[in-house]
Participant: 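My questions all concern the structure below.
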Amino acid sequence: MAGMRQKALLLREEVLEHRRRVHGPEHLETLTAMSNLADSYRSLGRNTEALPLAEEIFKQRKRILGPDHLRTLTAMDNLALSYRSLGRAQEALPLCEEVVKQRKRLLGPDHIETLKAMSYLASSYRLLGRTQEALPLQEEVLEKRKRFLGPDHKGTLFAMVILLEIFEELSMEADLKILAEVALPLFERVHGVDNKNTVWVRDLLM
């Protein structure tokens, strides 16, 4: 897997260089290639190298497309991710809050991208020790993913893991047990009995 990611990185570096040469540094196609390269850096844990790309993409999309364009919001989301990955959650937080606000306005409160942004905002709150503020966000994310994606969709199960972690952080033992009892058979069926998340959920019930 790491080898494939490294090959993808090298290819994306070549694509970015080509688009810069053909289209110029600020063309939207160049910015897309830059975003793909930043994704590759992040997937390999090279977050320091991803950050300046993410900052430039956001700056240029905001200038070219406007601050509330969906592609600008994606760039804002990715910049917040880079900040969080580098332990700079305080800088990520206002970006996450703005993405949630604008996606709710443009896409609606139930859209999958809005829910993803809410989960990222909850993550930023947790990193800043504000887990109580993360709780209602993640509860809403899980409830809506269950409703729209189904209880055994991988996105729903991922939201369950995050909410279980929040319950654990807040010492909400009763809620933790109730959700773990619901989650365990789903994880066993979807991921298998030996999956690390399945094992973790099972341990919560012991």
Side-chain angles (χ1 to χ4, degrees), residues 5 8-9 12 16 25-26 28 30-145 149 154-166 169-170:
R5 287 176 179 172
L9 171 65
R12 286 173 171 180
L16 176 56
E26 298 175 2
L28 288 174
T30 304
L31 297 178
T32 297
M34 197 180 295
S35 181
N36 291 336
L37 179 56
D39 285 342
S40 284
Y41 282 140
R42 279 190 291 266
S43 73
L44 290 166
R46 294 167 61 175
N47 297 302
T48 301
E49 292 164 273
L51 178 59
L53 295 177
E55 290 175 326
E56 181 66 15
I57 295 160
F58 174 53
K59 173 185 173 183
Q60 296 300 341
R61 283 190 179 167
K62 185 177 180 180
R63 182 180 65 82
I64 297 166
L65 299 173
D68 57 357
H69 191 281
L70 290 175
R71 293 178 73 182
T72 304
L73 296 179
T74 297
M76 192 185 299
D77 216 9
N78 288 335
L79 178 55
L81 175 59
S82 288
Y83 282 144
R84 281 198 308 274
S85 298
L86 291 168
R88 295 165 62 176
Q90 193 64 56
E91 291 167 89
L93 181 60
L95 299 177
C96 292
E97 291 174 331
E98 183 65 17
V99 172
V100 169
K101 175 184 173 182
Q102 295 299 340
R103 283 189 177 159
K104 281 183 175 180
R105 182 176 67 84
L106 295 167
L107 300 173
D110 301 335
H111 193 280
I112 189 169
E113 291 298 320
T114 304
L115 298 179
K116 183 171 74 171
M118 290 170 63
S119 190
Y120 286 164
L121 176 56
S123 175
S124 292
Y125 280 141
R126 290 173 66 197
L127 288 170
L128 291 167
R130 295 165 60 178
T131 306
Q132 194 65 52
E133 291 169 85
L135 176 61
L137 285 169
Q138 195 59 37
E139 287 179 324
E140 184 176 348
V141 170
L142 176 57
E143 187 274 324
K144 289 183 175 178
R145 284 189 179 169
L149 300 176
K154 289 186 178 180
T156 305
L157 298 183
F158 183 66
M160 281 186 187
V161 168
I162 296 173
L163 186 55
L164 284 166
E165 290 175 347
I166 289 173
E169 288 172 21
L170 295 174

Participant: For residues 55-65, which residue pairs qualify under salt bridge (Lys or Arg N to Asp or Glu O under 4.0 Å), counting only residues two or more places apart or in two chains?
Facilitator: Glu26-Arg63

Participant: Filter on salt bridge (Lys or Arg N to Asp or Glu O under 4.0 Å), then keep only pairs touching residues 115-124, sequence neighbours left out; what's left?
Facilitator: Glu113-Lys116

Participant: Just to verify, what does Thr32 make a side-chain hydrogen bond (donor to acceptor under 3.5 Å, both in side chains) with, not counting sequence neighbours?
Facilitator: Arg71

Participant: With sequence neighbours left out, what residues match Leu149 under side chain to side chain contact (heavy atoms under 4.5 Å, CB included)?
Facilitator: Arg145, His153, Thr156

Participant: With sequence neighbours excluded, what pairs up with Tyr41 under the side-chain hydrogen bond (donor to acceptor under 3.5 Å, both in side chains) test?
Facilitator: Glu13

Participant: Among all residues two or more places apart in sequence or in another chain, which pass the side chain to side chain contact (heavy atoms under 4.5 Å, CB included) test with Leu128?
Facilitator: Ala89, Gln90, Leu93, Arg130

Participant: In chain order, what residues pass the salt bridge (Lys or Arg N to Asp or Glu O under 4.0 Å) check against Glu140, with sequence neighbours excluded?
Facilitator: Lys144

Participant: Just jot down the salt bridge (Lys or Arg N to Asp or Glu O under 4.0 Å) partners of Arg126, sequence neighbours excluded, or say none.
Facilitator: Glu165, Glu169

Participant: Judged by modelled atom types alone, do Arg5 and Ser43 share a side-chain donor-acceptor pair under 3.5 Å?
Facilitator: no

Participant: Looking at residues at least two apart in the chain, or sitting in another chain, which of them share a side-chain hydrogen bond (donor to acceptor under 3.5 Å, both in side chains) with Asp39?
Facilitator: Arg42

Participant: With sequence neighbours left out, write down each residue that passes side chain to side chain contact (heavy atoms under 4.5 Å, CB included) with Ser123, or none if nothing qualifies.
Facilitator: Arg84, Leu127

Participant: Name all residues meeting the side-chain hydrogen bond (donor to acceptor under 3.5 Å, both in side chains) criterion together with Glu98; count only those two or more places apart in sequence or in a different chain, and write none if there are none.
Facilitator: Gln102

Participant: Once salt bridge (Lys or Arg N to Asp or Glu O under 4.0 Å) is applied, do any residues pair with Glu97, and if so which ones, sequence neighbours excluded?
Facilitator: none

